[in-house]
**Q** 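Here it is, the structure, as structure tokens.
Not measured: the values here are computed from a predicted model. Protein chains get the first letters and strands the later ones, always in sequence-line order, with residue 1 at the start of each.
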Amino acid sequence: MSEPKPSRGMGDYFRAALACVATTLLTLPLHGVVDAANIVMIFLLVVALVAVWLGSGPAILAAFGGVALFDFFFVEPRFSMAVADAQYLITFAVMLVVALVIGQLAARLREKALLATRREDEMRALYDMAKLLSGAVAAEQVADIVRDFLGSRMEIDAVLYLPRGDDALTAIPARQGGDQQQAHVRAVYEQGQPMPLAAEESGFAPALALPLVSSVRTRGVLLVFSEHAERFCAAEKRPLLDAVASLTAIAVERLHYGEVVQEVTLGMESERLRTALLSAVSHDLRTPLTVLVGLADALTLARPSLPPSAFESAVAIRDQALCLSGLVHNLLDMARLHTGKIVLNREWQPLEEVVGSSLKAMAGVLVGREVHVELAPDLPPLEFDAVLLERVFCNLLENAAKYAPKGEILITAQVAGDVAEVAVVDAGPGLPPDGEESVFDLFERGRHSGAGGGLGLAICRAIVEAHGGRIRAERRAEGGTRIVFTLPLGTPPVLEEEAGE
Amino acid sequence: MNDDRPLILVVEDEPQIRRFVRAALEDEGRVVEASSAAGALEAFTGPGPALAIIDLGLPDRDGVELIRELRTWTMLPLLVLSARSAEAEKVAALDAGADDYLTKPFGVQEMRARVRALLRRQKVGAGGTVIEFGNIRVDRAHRTVTRDGAAIHLTPIEYRLLGVLLTKAGRVLTHRQLLKDVWGPGYAERGHYLRIYIGHLRQKLEADPARPRYLLTETGIGYRFQIQDYAT
């Protein structure tokens with residue numbers, strides 16, 4: 001579809017001339033029958049019609065031509081430009097002025113009508129494009145629709161640049177652009193202002209980079225280009241180009257939000273699945289383990305009591321079932337911690353409390369062991385998840401009990417700079433050389449491996465790191481292992497003074 | 001012939017768990033079983049049970065909801081069975097009115113001890129005006145606390161906190177319940193107040209505050225005042 005033009009070149013002037021000649025031929029027989037003034041009227045009518053149909057230029061030609069022909073064929077002496085009666089000069093002058101004025105007015109009217117038609121046409125085309133864009137589901141489709149529109153309406157080519165992943169702008173359809181062009185597109189993307197590019201800058205043709213500005217941010221860049229720069233540079237083209245850019249921005253933004261929604265839905269779905277799986281596994285394992293522990297325990301308490309060998313078996317079954325249960329819990333904890341989405345229930349509390357509850361929880365494992373607790377008196381309350389930190393202490397105490405079968409266990413804590421440093425120390429054989437770091441890796445075991453070691457330390461690391469702390473293992477010079485972890489001190493909340501104290 | 005023994009209701013959907021719980025509690029009372037919340041409510045149509053053990057993972061209804069409903073018309077002791085790493089569930093059950101909880105898997109002796117404590121409390125209530133534990137003596141009539149005969153000064157809040165814990169001795173009290181009872185409803189979210197004041201009480205009352213014998217922490221849930229060797 002080519003754009004309608006207000007003036008159609010020499011053809012129209014020829015047609016205007018033809019109209020004047022035809023009018024003369026048709027009115028010649030009327031000479032002497034009607035008054036010359038009426039002939040003048042006919043000529044004026046023709047000028048008006050020429051103006052409406054052919055535009056202002058041909059109308060001017062028709063005005064002059066009309067006056068000349070009228071003089072030549074209808075004014076005495078006929079068939080000569082000479083004028084016998086001088087008052088016809090007034091007729092000519094009035095005729096010419098009226099013809100010119102009518103012609104110009106009519107021509108302007110026509111141009112306005114043409115412009116309105118063109119605008120309406122543009123609007124319809126934009127509307128059609130918007131409708132197509134609203135159905136687009138991929139960036140490639142958006143690019144195709146925009147390129148079709150610009151190609152057919154303005155005979156220019158275009159490329160869409162959209163940020164992908166790491167915010168790098170990717171061309172759709174893919175094309176090799178020079179570095180300079182990339183830099184320009186980037187600048188337009190960042191500044192949100194359109195920028196023209198000369199042919200040497202773009203590397204192939206004069207171009208114009210338009211930012212795709214949406215309500216929130218710049219969503220990309222539309223680069224239009226053509227060998228004929230005037231096709232997009234002319235001022236009257238800009239409103240259309242701006243409209244195209246806005247529509248494209250809306251379409252790209254819609255696609256973006258669509259992707260976001262999809263990602264969130266996917267994330268929620270996989271999170272839901274994981275949680276469902278974990279709780280199903282933990283329920284299915286817990287029930288038989290609870291039964292096993294309970295039944296074996298009931299056997300050990302049966303009256304009359306079992307014969308010694310059966311009693312020992314019952315105790316062993318109970319202890320192994322408890323051990324298995326601990327392992328299952330560790331695995332489930334690890335799975336939960338490894339999803340990376342642990343919600344810490346952090347609260348300000350004294351460390352002493354969680355040390356005490358851990359010692360109580362591990363009383364069975366620590367039977368016959370001496371455990372010393374040395375917490376610095378100036379240790380402020382810390383912000384941590386008590387349940388998880390209890391897991392850390394329990395795992396460290398269990399490890400100490402397991403890998404250092406004798407000697408005392410020491411728990412210390414003090415302020416060290418802007419962290420609290422907590423240590424669990426045993427007097428066991430110590431770590432293997434170079435084992436200081438790997439001991440925290442998943443499924444790593446100490447030399448005296450028991451059932452499912454290692455996992456406990458990996459859990460400790462995950463929990464401590466989730467609290468913003470670090471954990472490390474040290475070989476003690478005097479023998480034994482010292483596992484140290486830190487917790488950030490932060491600023492404890494201020495307690496209101498107790499009234500009436 | 002054993003009709004005077006207390007009736008213990010066990011609400012648990014897993015038959016094997018019911019089996020060993022029943023076997024373990026034969027000495028404590030008569031056991032009736034229910035495998036669902038509906039069955040549990042039915043068990044109250046006859047002579048009411050003296051204690052109920054409720055698994056929180058029931059097939060037909062949320063265990064916490066069942067507790068809430070029971071609490072609208074009965075004060076019988078409720079012992080809850082729940083999984084580890086389900087602290088929120090336990091807190092919800094306790095806040096709804098449960099008295100104590102056991103984490104699966106649990107030993108028979110521990111369960112017996114809890115059941116006995118709950119049944120006993122039902123009988124005798126929460127002691128007289130003078131309560132003694134370890135070397136501490138609390139005289140609630142005169143509002144004095146002594147340690148080996150020497151007076152210990154407690155601030156009003158410390159005394160109130162100790163009072164609440166003593167009144168509900170043996171019972172697990174959630175952070176929320178304690179904050180509400182001692183500080184008032186506006187303080188339900190200020191867990192650090194409670195922890196700091198429990199720390200103060202331990203400093204004043206416990207021989208080794210890091211390893212308390214009486215003021216026990218139920219990590220992630222709340223506190224329990226444990227009176228050991230109480231009538232046994």
**Q** Name the orientation class of the two ring planes belonging to B/Tyr214 and B/Phe225 (parallel below 30°, tilted from 30 to 60°, perpendicular beyond 60°).
**A**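 Rings of B/Tyr214 and B/Phe225: parallel, under 30°.
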**Q** A/Arg391 and B/Thr219: side-chain donor and acceptor closer than 3.5 Å?
**A**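 No pair is found: no donor N or O on one side chain lies under 3.5 Å from an acceptor on the other.
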**Q** Select one option (side chain, backbone, both, neither) describing which atoms of B/Ala210 are under 4.5 Å from chain A's heavy atoms.
**A**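 Both parts, backbone and side chain.
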**Q** Answer with side chain, backbone, both or neither: which region of A/Glu353 has an atom nearer than 4.5 Å to a non-hydrogen atom of chain B?
**A**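 Both backbone and side chain of A/Glu353 come within 4.5 Å of chain B.
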**Q** What part of B/Gln203 lies closer than 4.5 angstrom to a heavy atom of chain A: side chain, backbone, both or neither?
**A**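 It is the side chain, since no backbone atom gets that close.
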**Q** Report the option among A/Leu375, A/Leu359, A/Leu332 that has the most heavy-atom pairs separated by less than 4.5 Å from atoms of chain B.
**A**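 Among A/Leu375, A/Leu359, A/Leu332, the one with the most close pairs to chain B is A/Leu359.
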**Q** Non-hydrogen atoms of chain A under 4.5 Å away: do they reach the side chain of B/Glu14, the backbone, both or neither?
**A**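 Only the side chain of B/Glu14 comes within 4.5 Å of chain A.
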**Q** Measuring heavy-atom distances to chain A, does B/Leu215 have an atom under 4.5 Å in its side chain, in its backbone, in both, or in neither?
**A**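 Neither part.
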**Q** Measure from the side-chain N and O atoms of A/Asp297 to the backbone N and O of B/Val108, and report whether any donor-acceptor pair falls under 3.5 Å.
**A**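 Yes, because the side chain of A/Asp297 sits within donor-acceptor range (under 3.5 Å) of the backbone of B/Val108.
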**Q** Measuring heavy-atom distances to chain A, does B/Arg18 have an atom under 4.5 Å in its side chain, in its backbone, in both, or in neither?
**A**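 Neither; nothing under 4.5 Å.
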**Q** With a 4.5 angstrom heavy-atom cut-off, could you sort out which part of B/Asp27 is near chain A: side chain, backbone, both or neither?
**A**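 Side chain only.
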**Q** One thing to verify: whether B/Arg160 and B/Asp181 come together as a salt bridge, which I'm taking to mean a side-chain N less than 4.0 angstrom from a carboxylate O.
**A**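 No, this pair does not count.
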**Q** Is a side-chain N or O of B/Glu206 found less than 3.5 angstrom from the main chain of B/Arg213, in a donor-acceptor match?
**A**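 Such a contact is found between B/Glu206 side chain and B/Arg213 backbone.
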**Q** Which residue, B/Arg116, B/Arg120, B/Arg114, forms the salt bridge (charged side-chain N to carboxylate O under 4.0 Å, His left out) with B/Glu28?
**A**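 Option passing the salt bridge (charged side-chain N to carboxylate O under 4.0 Å, His left out) with B/Glu28: B/Arg116.
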**Q** So, using side chain to side chain donor-acceptor pair (under 3.5 Å) as the criterion, who are the partners of A/His372 when residues are at least two apart?
**A**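 Partners of A/His372 by the side chain to side chain donor-acceptor pair (under 3.5 Å) criterion, ordered by chain and then number, come out as A/Glu370, A/Glu408.
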**Q** Please identify, among A/Thr300, A/Asp385, A/Val371, A/Ile411, the residue contributing the most non-hydrogen atom pairs under 4.5 Å to chain B.
**A**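 Max contact count across the listed options: A/Val371.
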**Q** As an exercise: rank A/Leu295, A/Leu388, A/Val355, A/Leu292 by heavy-atom pairs under 4.5 Å with chain B and give me the winner.
**A**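 Highest number of heavy-atom pairs under 4.5 Å: A/Leu295.
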